[in-house]
Amino acid sequence: MTSLTLTLPDDWHIHLRDEEALPTTVTDIARWAGRAIVMPNLKDPVRTVADALAYRQRILAARPAESCFEPLMTLYLTDSTTVESVAEAAQSPFVQGIKLYPAGATTNSAAGVTALKALYPVIEAMEKHDLPLLIHGEVTDADCDIFDREKAFIDTALIPLTAEFPALSVVFEHITTRDAVQFVEAGSDRIAATVTAHHLLYNRNDLFVGGIKPHLFCLPVLKRDQHQLALRRAVTSGHPRFFLGTDSAPHTRQDKESSCGCAGCYTAHAALELYAEVFDEEHSLDQLERFASFNGPDFYQLPRNSGTVTLEKVSQEVPADLPLGSQRLIPLRAGERVQWTLMRSI
């Protein structure tokens with residue numbers, strides 16, 4: 001197959017950042033996605049509906065003039081989140097969920113949750129109002145190996161949480177392990193997961209062999225190939241509760257290549273093309289539309305998009321860098337080639 005037309009996809013997990021980053025990040029996602037779930041972990045977290053609406057307006061102001069891209073907003077779950085704030089969020093047409101970051105798990109997560117069970121009354125309110133809980137699923141215990149943190153979170157936090165609140169809608173974000181795949185597959189129709197392009201394309205050998213590749217460093221970290229293969233099988237299987245979430249995260253080159261490089265891969269510039277590579281390699285291009293365009297809106301109880309995008313199997317070179325305000329960022333595959341190209345979007 002050399003040409004593929006899909007219903008306009010959505011991105012169910014992205015970091016757009018703020019201020020001078022928005023012209024790049026919003027333009028890149030609006031090129032191929034109708035909607036995107038926007039993460040709330042700004043330097044000053046998006047804690048309230050008012051915060052989310054103000055952030056949404058900043059995103060819309062950066063949207064290309066001809067674009068109909070729609071940001072879908074989330075709130076940041078903190079130890080001080082209240083039942084009342086959940087009810088307010090559930091009434092907002094612009095807020096689609098609340099994001100759980102274990103404190104210290106990733107970028108801008110210092111305000112995250114320190115004791116999940118203490119927030120069970122808030123989680124109960126989310127279940128009552130049918131407001132999804134979006135989860136960065138890793139423990140942050142210093143004695144837990146970084147490659148085991150996702151599985152440990154499933155065992156110690158996620159299994160008890162979903163047993164306590166069986167009607168709660170849960171999105172297990174950017175899953176990276178066979179254990180997470182099995183958890184979702186065994187779960188109810190209230191449990192789903194997003195999967196990134198970089199976790200499908202790469203494993204930990206790509207990160208470490210021949211020298212550390214800072215632009216492949218992300219959290220959750222890339223895992224061994226057996227987990228990568230499990231992710232590939234899941235997304236190409238047609239299972240309805242796995243869907244596209246890039247976790248595209250812009251950082252400046254200076255921050256990524258420093259002595260303590262930050263975590264995150266920037267993929268919004270060519271995400272759909274990168275996913276197409278994976279599905280092509282797995283001889284499953286017929287499943288890409290379901291994963292990219294249908295499963296996400298179906299789970300979030302939103303209408304599917306009406307537009308289309310067309311991909312062609314034409315190789316393109318990724319720029320060596322991209323603007324990020326007054327600085328530069330290094331996108332995934334910088335200076336290398338992607339085997340598919342987005343030809344048009346309607």
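By the neighbour-count criterion of 12 heavy atoms within 6.0 Å, atom CD of E185 is densely surrounded, having more than that number from other residues, nucleotides or ligands. Under a cut-off of 6.0 angstrom, the local environment of NZ in K117 is sparse, with at most 12 non-hydrogen atoms contributed by other residues, nucleotides or ligands. Atom CZ of R290 is surrounded by 12 or fewer heavy atoms from other residues, nucleotides or ligands within 6.0 Å.
Checked by atom type, the side-chain pair H215/E257 shows a donor-acceptor distance below 3.5 Å. Side-chain contact, H13 with D247: a donor N or O sits under 3.5 Å from an acceptor N or O.
Every residue two or more places apart in sequence or in another chain was checked for a salt bridge (charged side-chain N to carboxylate O under 4.0 Å, His left out) with E70, and none qualifies.
Here the closest heavy-atom approach between residue I212 and residue P214 is recorded as O-CD, 3.2 Å. Here the closest heavy-atom approach between residue Q226 and residue R233 is recorded as O-NH2, 4.5 Å.
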Exercise. With salt bridge (Lys or Arg N to Asp or Glu O under 4.0 Å) as the test, would you mind laying out the steps for D145 and R149 before giving the verdict?
Key: CA-CA 6 Å; D145 189 285; R149 290 180 176 184; over 6 Å; no
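Salt bridge absent: R241 and D189 never bring a charged side-chain N and a carboxylate O closer than 4.0 Å. For E281 and R232, the salt-bridge test passes: some basic side-chain N is under 4.0 Å from an acidic carboxylate O.
Cation-pi contact between R35 and F69: absent, since separation from the ring centre below 6.0 Å together with deviation from the ring axis within 45° is not met.
The ring pair (Phe, Tyr, Trp, His ring centres under 6.0 Å) test with F291 singles out one residue from F242, F299, Y275, and that residue is Y275.
Applying the 4.5 Å side-chain rule to ILVMFWY residues, one finds L322, L324, L329 in the same cluster as Y266.
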